There are 2 protein chains.
Amino acid sequence: MPKNPQPELVPVDRAILRLLAENARMPNNAIAEEVGIAPSTCLARIRALRERGVIRGYHADVDPAALGLGIQAMISVRLHAHTKERISSFTAEIPLLPGVLTAFHLAGADDYLLHVAVPDTDALRDFVLDHLTAHPAVAHTETSLIFGHMRGHMTA
Amino acid sequence: MPKNPQPELVPVDRAILRLLAENARMPNNAIAEEVGIAPSTCLARIRALRERGVIRGYHADVDPAALGLGIQAMISVRLHAHTKERISSFTAEIPLLPGVLTAFHLAGADDYLLHVAVPDTDALRDFVLDHLTAHPAVAHTETSLIFGHMRGHMTA
DNA sequence: AATGAAACGCCACAAAC
DNA sequence: GTTTGTGGCGTTTCATT
């Protein structure tokens, strides 16, 4: 959780991060061998990365369709007023809504972009009408179905 | 990788998935105790979920800012022609571009939505000009800076 | 700061209930 | 599906360089 200043990010750390980003369950031994350092050193580096906040967590990637959420969509949301209170209250509520995978707070014509997964198009309509259109702070929404998505390699 | 038909997703599986989605490195023993089944059973269920494709992978969540990528943006991309060949070639190229975290293929006015992370605004401009505007299939782009984002709880 | 060895804990496989 | 037990591996700490 702590986000210390950056004592520089050395190449071996980047290599470790690349491996863990691809497979968070890769054994420490295997990582150490792959990047060319001792297992204990590798473990210490990973722990340091975790505590510095470089690694924010480890998450299983669950297929929404397997959970019965076969439809995914991107919903642009524009708010009425842009007072800080309204923004922050909306920001706090949004990730709690059922089906919201990720919520982006944007600088631009639209204020938010919601990535949602729902069982079917009826549920999508209900989501927009019940939680967005009905919300007093919401001025406008625009929904686009998602055909598919791809992860990049984080090859920065 | 195999995506078998679904032999039904029982509540205990959903509980396991919820825990692993939050912390992919949670020990099997702890998961088993939390959901109320034996460790060996839990392990077998997790393995089955993995092989059925319900769990697609385990990924470390790395802070892009720590990698020197302090700027994130969403870029809407509209293509000229919508032939299948063009779409698929663009789809194949996009996730390879440096800085692309995720690429969404949309149904709507815009064809793609790119979530990118770059070191600074200069790099963002270069990304758009070099890889998108210069691409023959690209008709229009629109870039919005990202102030922040939140993960939902996957509480489907 | 990185290494190597040694204790600990967890995991995986195999039975039997 | 659960429980127990055993072997093997990964992890963790410590002493050392």
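Protein chains get the first letters and strands the later ones, always in sequence-line order, with residue 1 at the start of each. Quick caveat, the model's predicted, so the values are computed rather than measured.
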Quick one, B:Thr141 and B:Ser76 - any side-chain contact, counting heavy atoms below 4.5 Å?
no
Under 3.5 Å, is there a donor-acceptor pair linking the side chains of B:Glu93 and B:His131?
no
Please list residues of residues 55-62 of chain B whose heavy atoms come under 4.0 Å from any atom in DNA chain C, ordered by number; otherwise none.
none
Heavy-atom nearest pair, B:Asp13 first then B:Arg45, reads OD1-NE, 2.8 Å
Apply the hydrophobic cluster definition, ILVMFWY joined by side-chain contacts under 4.5 Å directly or through others, and give me every member besides B:Phe104.
A:Met74, A:Phe104, A:Leu106, A:Leu113, A:Ile146, B:Met74, B:Leu106, B:Leu113, B:Ile146
Step through the shown structure and confirm whether more than 12 heavy atoms of other residues, nucleotides or ligands are within 6.0 Å of CZ on B:Arg47.
no
Please give the remaining members of the hydrophobic cluster of B:Leu43, linking ILVMFWY side chains under 4.5 Å, ordered by chain and number.
none
Would you call the rings of A:His105 and A:Tyr112 parallel, tilted or perpendicular if under 30° counts as parallel and over 60° as perpendicular?
parallel
Can you confirm whether the side chains of B:His59 and A:Glu22 place a donor and an acceptor under 3.5 Å from each other?
no
Would you say A:Val100 and A:Val116 make side-chain contact, with heavy atoms under 4.5 Å?
yes
Tell me every residue that passes salt bridge (Lys or Arg N to Asp or Glu O under 4.0 Å) with A:Asp61, counting only those two or more places apart in sequence or in another chain.
B:Arg56
At a heavy-atom distance below 4.0 Å, which nucleotide of DNA chain D is the first touched by chain A, and which is the last?
D:dG10 to D:dT13
So if I define the base as every atom that isn't primed, P, OP1 or OP2, how would nucleotides 1-17 of chain C read as a B/S/- string at a heavy-atom cutoff under 4.0 Å?
-SBB-----SSSS----
